[in-house]
Number of protein chains: 2
Amino acid sequence: MSRKTFQRLSLDVRRRSLMEATLTCVARHGLHGASVRRITEEAGVTVGLVRHYFGSKDDMIRNAYAYLVGQLTAQASESARAAEGTPEAQLASFLRANLTRPNMDEETVSLWATFIGRVRHDPGFAEIHRDGYREFLSVLETLIEPVLIHHGCPYSVAICRNHAIALNGLIDGLWMEGAINSGLYAQDILPDLITGAAERLLELPAGALSAPDIALQSTGHPINREQQSKPS
Amino acid sequence: MSRKTFQRLSLDVRRRSLMEATLTCVARHGLHGASVRRITEEAGVTVGLVRHYFGSKDDMIRNAYAYLVGQLTAQASESARAAEGTPEAQLASFLRANLTRPNMDEETVSLWATFIGRVRHDPGFAEIHRDGYREFLSVLETLIEPVLIHHGCPYSVAICRNHAIALNGLIDGLWMEGAINSGLYAQDILPDLITGAAERLLELPAGALSAPDIALQSTGHPINREQQSKPS
DNA sequence: ACTAAAATTAATCAATTGTATAACAGTGTG
DNA sequence: CACACTGTTATACAATTGATTAATTTTAGT
């Protein structure tokens with residue numbers, strides 16, 4: 001009987017491989033069904049490696065969670081950065097990115113929810129969540145600020161922060177319910193829905209986010225305000 | 001050695017007791033840590049009863065989830081019904097109720113998230129979630145409609161539904177992040193924050209929801225009002 | 001009070017869990 | 001090309017898991 005042939009991988013590659021297998025298994029079978037054996041099988045290795053690369057299973061799962069959060073915020077920030085243009089275009093792009101693939105993915109949302117459920121009773125998870133949330137809020141504030149200023153809206157740090165909190169809530173809620181979507185409405189209404197909602201939340205003129213630069217206006221919003229002449 | 005003395009309870013009482021113990025254990029230890037033994041110990045009975053009252057552990061957990069969702073929507077609807085007054089007051093009361101105790105409870109949110117994480121891969125959970133979500137959306141639409149009409153806002157079934165979807169997203173997101181809250185802001189800002197945000201989302205005049213009848217703007221306390229003097 | 005039905009306990013089962021350890025094999029270094 | 005290093009496999013192990021069954025106790029009906 002011969003042993004399984006294998007390959008020696010670098011620390012980074014193997015760790016990432018194990019974390020991704022962990023995420024896959026947690027998404028598929030939940031935390032209770034994500035056993036060390038299933039995870040290692042998914043990663044194509046044997047159980048011993050868990051101890052070798054992480055202290056324990058719990059340690060591996062915590063690392064996988066941090067890895068996920070990192071990826072999520074990185075993706076979101078990237079969407080914002082990618083949209084070079086007016087502040088409105090950037091904010092709009094960020095909002096839309098959060099409600100379209102690959103960001104709004106059922107598997108990812110399931111994962112996220114599963115981990116969130118552990119935040120309260122696991123200090124390790126709590127810290128990871130807090131950092132991710134702070135980062136997300138910060139990005140949002142950075143995007144909102146110039147838009148408010150550009151439109152001459154009432155502005156202060158507190159106002160900006162409150163807007164970020166509300167907008168973040170809106171994003172999170174729609175992201176979750178939209179991805180899990182129970183077939184109660186079509187998912188593809190969400191990008192337009194959130195840009196419209198954000199306009200009203202921030203009290204921007206209608207169309208400010210749904211048609212910031214080029215005409216990609218597909219919402220049914222009547223444009224009944226003029227107020228387009230603002231010096232850049 | 002004598003056996004444990006016990007009491008025969010009615011089917012309803014015992015089942016509820018077991019489901020509540022299940023929720024407690026899932027909240028505390030997660031789905032993976034909520035073993036039959038822990039649950040039955042929490043309920044003060046022995047393991048055999050699970051089979052007697054539910055077919056299996058999974059069955060018991062699904063029932064517990066449905067029980068939780070039922071309680072949640074019932075509580076929320078009740079908050080709305082309790083606030084007799086103008087449509088604005090009812091909507092405001094509903095919104096505030098969702099972001100204050102006992103509705104916004106960290107333990108409950110943890111539970112909810114944990115279960116949501118299973119919706120994708122467990123058809124039983126999916127059905128329970130869908131029904132709960134539909135119910136919640138329906139309540140919201142019912143509350144929004146008269147407010148829109150009363151203020152002469154542009155109104156149609158589609159508009160009303162979109163507002164309900166957005167508002168539901170906002171509630172869910174703030175409810176989650178607020179309850180889990182990572183200390184990044186005080187939780188008690190949320191009731192005022194959401195009424196303000198809802199005013200803008202629905203394009204109501206400022207103060208329409210934050211001061212619908214009497215001035216309860218900045219107090220943050222749900223006012224128990226005895227007399228309804230009705231201003232127009 | 002007696003009895004029968006049913007609720008509950010207690011004990012047992014095979015399967016699975018996470019962890020630990022020794023043996024092996026691939027890799028780079030001299 | 002032999003060597004040592006360590007990534008990796010394979011196996012073992014005690015603990016825990018969910019499920020099952022028989023024995024026992026409570027309760028309701030008469």
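These values consider heavy atoms only, across backbone and side chains, with no hydrogens, waters or symmetry-generated copies. Chain naming here is simple, since letters A, B, ... match the order of the sequence lines and numbering starts at 1 in each.
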Could you tell me how far apart B:F54 (CZ) and D:dT20 (P) are, to the nearest whole angstrom? 16 Å
Could you state the CZ-P distance from B:R51 to C:dA10, rounded to the nearest angstrom? 19 Å
Under a 4.5 Å cut-off applied to non-hydrogen side-chain atoms, are A:F136 and A:I171 in contact? yes
Starting at atom CD of B:Q7, determine the distance to atom C1' of D:dA28, rounded to an integer number of angstrom. 15 Å
Output the rounded distance in Å from CZ (B:R15) to P (C:dA7). 12 Å
When all nucleic acid strands are considered with a 4.0 Å heavy-atom cut-off, which category describes B:V47: base, sugar-phosphate, or nothing? base
From CD1 of A:I39 across to P of C:dG18 the rounded distance in Å is 8 Å
Between D:dT17 atom C1' and B:D58 atom CG, what is the distance in whole Å? 12 Å
To the nearest angstrom, the CG-C1' distance between A:L11 and C:dG28 comes to 17 Å
Quick one: on DNA chain D, does B:H32 or B:K4 contact a more 5' nucleotide (nearest heavy atom)? B:H32
Mind checking if B:Y53 touches a base, just sugar-phosphate, or nothing, with heavy atoms under 4.0 Å? sugar-phosphate
Taking 4.0 Å as the cut-off, does a side-chain nitrogen or oxygen of A:H52 come that near to OP1 or OP2 on D:dG7? yes
Within the structure, does a side-chain N or O atom of B:R14 lie under 4.0 Å from either OP1 or OP2 of C:dT8? yes
Closest listed nucleotide, where the reference is the side chain of B:K57 and the choices are D:dG18, D:dC13, C:dA23: D:dG18
Taking every non-hydrogen atom, the tightest pair across B:C160 and B:I144: SG-CG2, 4.1 Å
For residues B:L201 and B:H163, report the shortest heavy-atom separation together with the two atoms involved. O-NE2, 3.5 Å
Heavy atoms, side chains only, cut-off 4.5 Å: are A:R38 and A:H29 in contact? yes
I need the CG-C1' distance between A:L49 and C:dA20, as an integer number of Å. 14 Å
Please name the pair of heavy atoms, one in A:L174 and one in B:I165, separated by the smallest distance, quoted to 0.1 Å. CD2-O, 3.6 Å
Mind checking A:S35 for me? I need base, sugar-phosphate or nothing, with any heavy atom below 4.0 Å counting as a touch. sugar-phosphate
5′-ward residue of the pair B:T5/A:L9 relative to DNA chain D: A:L9
